[in-house]
Amino acid sequence: MQVTRETFNQVMVPNYNPAAMVPVRGEGSRVWDQEGVEYIDFAGGIAVNVLGHCHPALVKTLAEQGNKLWHLSNVFTNEPALRLAKKLTNATFADKVYFANSGAEANEAALKLARRFALDHYGEDKDQIIAFTKGFHGRTFFTVTVGGQPAYSDGFGPKPGAIVHCEYNNIEAVKALFSERTCAVMMEPMQGEGGIIVPDPEFVKGVRALCDEHNALLIFDEVQSGMGRTGKLFEYMNLDVKPDILTSAKSLGGGFPVGAMLTTDKISQSLKPGTHGSTYGGNPLACAIAEAVFDVVNQPEILDAVNHKEALFRAKLEEINNKYHVFAEIRGKGMLLGCALNDKYKGRAKDFMTAANEQGLMCLVAGMDVVRFAPSLIIPDEDIAEGLARFERGIAHVIAND
Ligand SMILES: *Cc1c(COP(=O)(O)O)cnc(C)c1O
C-alpha cells in the first residue's frame with residue numbers, strides 16, 4: 001500500500017502537523033526518508049532516542065524478550081520489571097517504583113500519590129498543588145492543568161481544581177503561594193518545552209526548603225531532563241536537591257514507550273492495592289528494553305562524554321552566531337540545548353527548524369523563540385560537526401530569504 005505525507009491529511013486526526021518528509025529507517029544518529037534522503041538527528045524523537053536509532057544492545061533485547069514474554073497484566077509481576085526497579089532504586093534516592101507507559105501517566109501517578117499522601121497524613125484540606133508557568137507535564141487533563149500553558153488546558157470543560165502557578169526561578173513568588181494547604185510542588189528541574197530554562201540552583205534549594213517547612217512533597221518531573229541527558233543519571237544529582245517523587249519517561253525507554261514514578265518507601269505506602277493502576281504499565285517487554293537502556297546509559301564513560309559533546313555543540317554554535325548574529329543565548333545542559341533567538345528573530349524558531357530540515361537536519365523548537373537540540377547521548381562527534389554544518393546552511397538560507 002502506497003502511503004505518503006498526503007495520506008496523513010486524509011486519515012489522521014489533525015492535532016499534529018508533521019514535516020513534509022516521511023522517515024522510514026534510522027541508524028545511530030542518522031535517519032533516511034522515503035526518497036532515500038539522509039538526515040542527521042538532533043531531535044532524538046523529542047529527547048527520547050537517548051542511544052540513537054536501532055542501538056545493537058536494544059535491538060538484541062527487543063528480539064530476545066519479544067520471543068519470550070510481552071505482556072502479563074499486573075495480576076502477575078515479571079523479572080524485567082523487578083530488575084529495572086532494583087536498578088533504578090539502587091541508583092537514586094528512591095526506594096519504590098511505579099511503572100507507566102508515558103511521561104503524562106508517570107506524572108498523573110505522582111500527582112495522585114501526592115494528593116493521597118496529604119489526605120492520609122494531614123487531612124482533606126491539604127490539596128493545593130503549586131506549579132510553574134511554562135512548565136510542561138503531559139497531556140492528560142490533570143497533568144496539562146498542572147502544566148503552565150493555559151492554551152493547552154483551556155477548552156475542555158471544568159479543570160481539576162486546587163492548582164496554582166507562579167513564575168519559574170522566582171522564589172518569592174513560590175513563597176507567596178505557599179500555605180499549610182500546599183500538598184506538593186511539581187517542577188521540571190530544567191524546563192524543556194517551556195524554552196530550555198535552567199534554574200538557579202539556589203531557587204531549587206529554596207523550593208525544597210519551603211516544601212519541608214510546610215510538609216509538602218517536592219515532585220521533580222525529569223521526563224525530559226533525566227536518564228543521562230544532563231551528564232548525570234538525573235538532573236537532581238547535578239542540583240544536589242532530592243525530590244520526594246521523581247518521574248521519568250522519554251529517554252527511559254530509548255524509543256519504547258515506558259514511564260516510571262520513583263518515590264520513598266514512606267510516601268509509596270499511600271498507593272495501597274486498588275488506589276491506582278495501568279494495564280500495560282510495567283510490562284516485561286517495555287521493562288526489558290528500559291533495563292537495556294539503563295545498563296548502557298548509567299556508565300561513567302557514557303555520562304562523562306555528554307559534557308564533551310555539549311562543549312562541541314557550544315563551540316560551533318558560538319562560531320555560527322559570530323557569523324550570523326541570530327542567537328541571544330545558547331542554554332541548557334548536556335544533550336538538551338536551546339538556541340534562544342535574539343530580538344531580531346524572535347518568534348521564528350519554526351522557520352529555522354524547517355530550513356535546517358531542508359538541509360538534512362532534524363531538530364526541534366521549544367516555544368516560538370528557541371531552537372532545541374536533544375540528540376542521542378552517544379552521537380558521534382563527526383555527526384555533531386556535520387549536523388551543525390547543515391544547521392548553519394539552514395540559518396544562511398533563512399537570512400538570505402529575509
Ligand atoms: C514530554 C514531557 C512529558 C510528557 O510525556 P509523554 O510521554 O508525552 O506523556 C511530561 N513532562 C515533561 C517534562 C516532558 O518533557
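Whatever order the structure lists ligands and atoms in, that order sets their numbers, starting from 1. Starting from 1, each residue takes its place in the sequence as its number.
The distance criterion of under 3.5 Å between nitrogen or oxygen atoms is not met by Glu188 with respect to ligand 1. Ligand 1 has a nitrogen or oxygen under 3.5 angstrom from a nitrogen or oxygen of Phe136.
Remark: atom 8 (O) of ligand 1 lies closer than 4.0 Å to no protein heavy atom.
When non-hydrogen atoms are compared, ligand 1 lies under 4.0 Å from neither the backbone nor the side chain of Ala249.
Contact atoms of ligand 1 toward Asp221: 10 (C), 11 (N), 12 (C), 13 (C) (distance under 4.0 Å to a heavy atom of the residue). Less than 4.0 angstrom separates some heavy atom of Gly103 from each of these atoms of ligand 1: 5 (O), 6 (P), 7 (O), 9 (O). Heavy-atom proximity to Ser102, at under 4.0 Å, picks out these atoms of ligand 1: 7 (O), 9 (O). In summary, the atoms of ligand 1 found under 4.0 Å from a heavy atom of Ala104, numbered by their order in the structure, are 4 (C), 5 (O), 6 (P), 9 (O). Residue-ligand proximity, Asn107 to ligand 1, at heavy-atom distances under 4.0 Å covers atoms 10 (C), 11 (N).
Side-chain atoms of Tyr98 never come within 3.5 Å of backbone atoms of Gly281 as a donor-acceptor pair (strictly under, hydrogens ignored). Side-chain atoms of Arg314 come within 3.5 Å of backbone atoms of Ile330 as a donor-acceptor pair (strictly under, hydrogens ignored).
Partner Glu193 forms a salt bridge (Lys or Arg N to Asp or Glu O under 4.0 Å) with one of Arg139, Lys134, Arg372 and no other, that one being Arg372.
A salt bridge links Glu392 with Lys323: at least one charged nitrogen is closer than 4.0 Å to a carboxylate oxygen. Salt bridge status for Arg30 with Asp383: present, with a side-chain N to carboxylate O gap under 4.0 Å.
Ring geometry for Phe234 versus Tyr236: interplanar angle under 30°, hence parallel rather than tilted (30 to 60°).
Ring pair Phe327/Tyr345: centre-to-centre distance not below 6.0 Å.
The protein heavy atom nearest to atom 2 (C) of ligand 1 is Lys250 NZ, 2.5 Å.
Nearest residue to atom 10 (C) of ligand 1 from Met187, His137, Glu222 is His137 (criterion: closest heavy atom).
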